[in-house]
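Quick note: numbers below take in every heavy atom, side chains included, and nothing from hydrogens, waters or symmetry partners. By convention in this document, chain letters (A, B, ...) are assigned in the order of the sequence lines, proteins followed by strands, and residues within each chain are numbered from 1.
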Amino acid sequence: MLRVIIVDDEPLMVEGMVQMVDWEANGAKVVGTAHSGGEALVLVEKEKPDLIFTDIEMPGMDGLDFLEAIKPISPDSLLFLFSAHTDFHYAKRALKLGVLDYLVKPVTVPMIEDALDRALVQERKLEQKGGGRPEKANHQAIRKALAFIAERYNHDITIEHVAEHIGMNASYFSTLFKKEMGVSYIKYVTKYRMEIAKQLLLMGEKVMDVSEKVGYQSYRHFSETFKKQYQITPSELKTKGRTE
DNA sequence: AGTGGGGCTCTCTTCAAGAT
DNA sequence: ATCTTGAAGAGAGCCCCACT
């Protein structure tokens with residue numbers, strides 16, 4: 001099991017990541033969290049984690065300085081960096097420092113799960129010199145569809161659009177998608193959107209804005225769908241996030 | 001600003017039959 | 001085996017209005 005630490009100066013962000021991701025189901029365990037570079041260094045020295053998720057902007061020491069500092073302490077740790085901005089200068093420097101990937105905020109549950117997936121593959125490669133586990137979807141067209149959904153989830157993406165994108169009949173795509181993913185297309189897309197919405201709400205965004213950002217035209221409907229998914233309304237979650 | 005009820009429309013899922 | 005097509009039922013999405 002991968003031992004993970006999370007570093008971010010926003011406590012809500014850290015708490016959100018810890019609570020929302022099913023770490024064990026993804027072969028990982030959070031062994032510690034920190035809210036500054038200095039605090040994180042102590043933690044890394046103590047825990048020697050397999051995987052580190054860290055923010056790029058932190059008081060005192062930024063994420064890249066932190067990465068440089070931990071290299072001698074824990075050279076085998078795999079690294080994921082996240083930031084609210086797409087800054088290619090930073091990204092380039094991060095990749096030079098051996099960062100596995102650069103995640104642009106808002107960091108979502110699917111993004112973390114994907115990162116864990118890749119970290120496990122990387123771990124296995126290091127252990128076995130080659131190999132790696134199979135992708136969740138074996139069918140190439142479905143993998144292409146998943147990438148399309150990830151890119152366009154905040155737009156009106158019908159099954160027709162996706163099927164057309166991968167050059168497949170919509171009806172057959174629906175069947176194939178369920179066979180490959182174990183969940184129907186619409187349920188997958190809805191869950192994907194709701195996970196992102198949850199993250200945005202915990203970060204304090206307005207329900208109306210979140211609804212729009214995840215591709216819903218009506219926040220009335222968004223609210224209903226959200227409640228169906230999590231048994232809590234978006235505004236209730238927001239309030240909960242503020243008080244905890 | 002946000003939620004709930006009700007009703008309507010449209011999309012998705014599923015299945016069977018058939019083509020490649 | 002893989003994929004397409006068409007049809008029917010189920011469910012998702014949207015809209016209006018009322019209410020907090």
side-chain contact (heavy atoms from CB on, under 4.5 Å) partner of L51(A), the single match among I6(A), L79(A), L2(A)
L2(A)
Whole Å only: how far is the [atom1] atom of [X] from the [atom2] atom of [N]?
| X | N | atom1 | atom2 | value |
| --- | --- | --- | --- | --- |
| R193(A) | dA12(C) | CZ | C1' | 11 Å |
| F177(A) | dC3(C) | CZ | P | 16 Å |
| F222(A) | dG13(C) | CZ | P | 12 Å |
| F226(A) | dC14(C) | CZ | C1' | 20 Å |

Contacts of type side-chain hydrogen bond (donor to acceptor under 3.5 Å, both in side chains), residue [X], not counting sequence neighbours:
| X | value |
| --- | --- |
| E224(A) | R220(A) |
| S184(A) | none |
| T190(A) | none |

Looking at side-chain heavy atoms only, is the closest gap between P49(A) and V44(A) below 4.5 Å?
yes
State, with a plain yes or no, whether a side-chain heavy atom of H35(A) is found less than 4.5 Å away from one of D8(A).
no
Nucleotide range of DNA chain B lying under 4.0 Å from chain A heavy atoms
dG2(B) to dC15(B)
Go through it in stages, so that I can follow the logic: the residues are V31(A) and V4(A), the test is side chain to side chain contact (heavy atoms under 4.5 Å, CB included), and I'd like the CA-CA distance, side-chain angles, deciding distance and then a yes or no.
CA-CA 6 Å; V31(A) 295; V4(A) 179; 5.9 Å; no
Looking at residues at least two apart in the chain, or sitting in another chain, which of them share a salt bridge (charged side-chain N to carboxylate O under 4.0 Å, His left out) with E47(A)?
R3(A)
The helix from dA1(B)-dT20(C) to dT20(B)-dA1(C): angle between end helix axes, five pairs per end, rounded to 10 degrees
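Helix axis angle between the two ends: 50°.
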Should the pair H165(A) and F148(A) be assigned to parallel (<30°), tilted (30 to 60°) or perpendicular (>60°) ring geometry?
parallel
Of the residues in residues 161-173 of chain A, which ones touch DNA chain C at a heavy-atom distance under 4.0 Å?
M168(A), N169(A), S171(A), Y172(A)
Treat primed atoms plus P, OP1 and OP2 as sugar-phosphate and everything else as base, then score nucleotides 15-20 of chain C 5' to 3': B for base contact with protein heavy atoms under 4.0 Å, S for sugar-phosphate contact only, - for none.
BB----
Output all residues satisfying side-chain contact (heavy atoms from CB on, under 4.5 Å) with [X], sequence neighbours left out; order by chain, then residue number.
| X | answer |
| --- | --- |
| K46(A) | none |
| K29(A) | M1(A) |
| T54(A) | V7(A), I52(A), M58(A), F66(A), L67(A), L81(A) |

Compile the donor-acceptor pairs under 3.5 Å between side chains in residues 171-179 of chain A and protein atoms, sequence neighbours left out, one pair per line.
unit_1: T175(A); atom_1: OG1; unit_2: S171(A); atom_2: O; d: 3.2

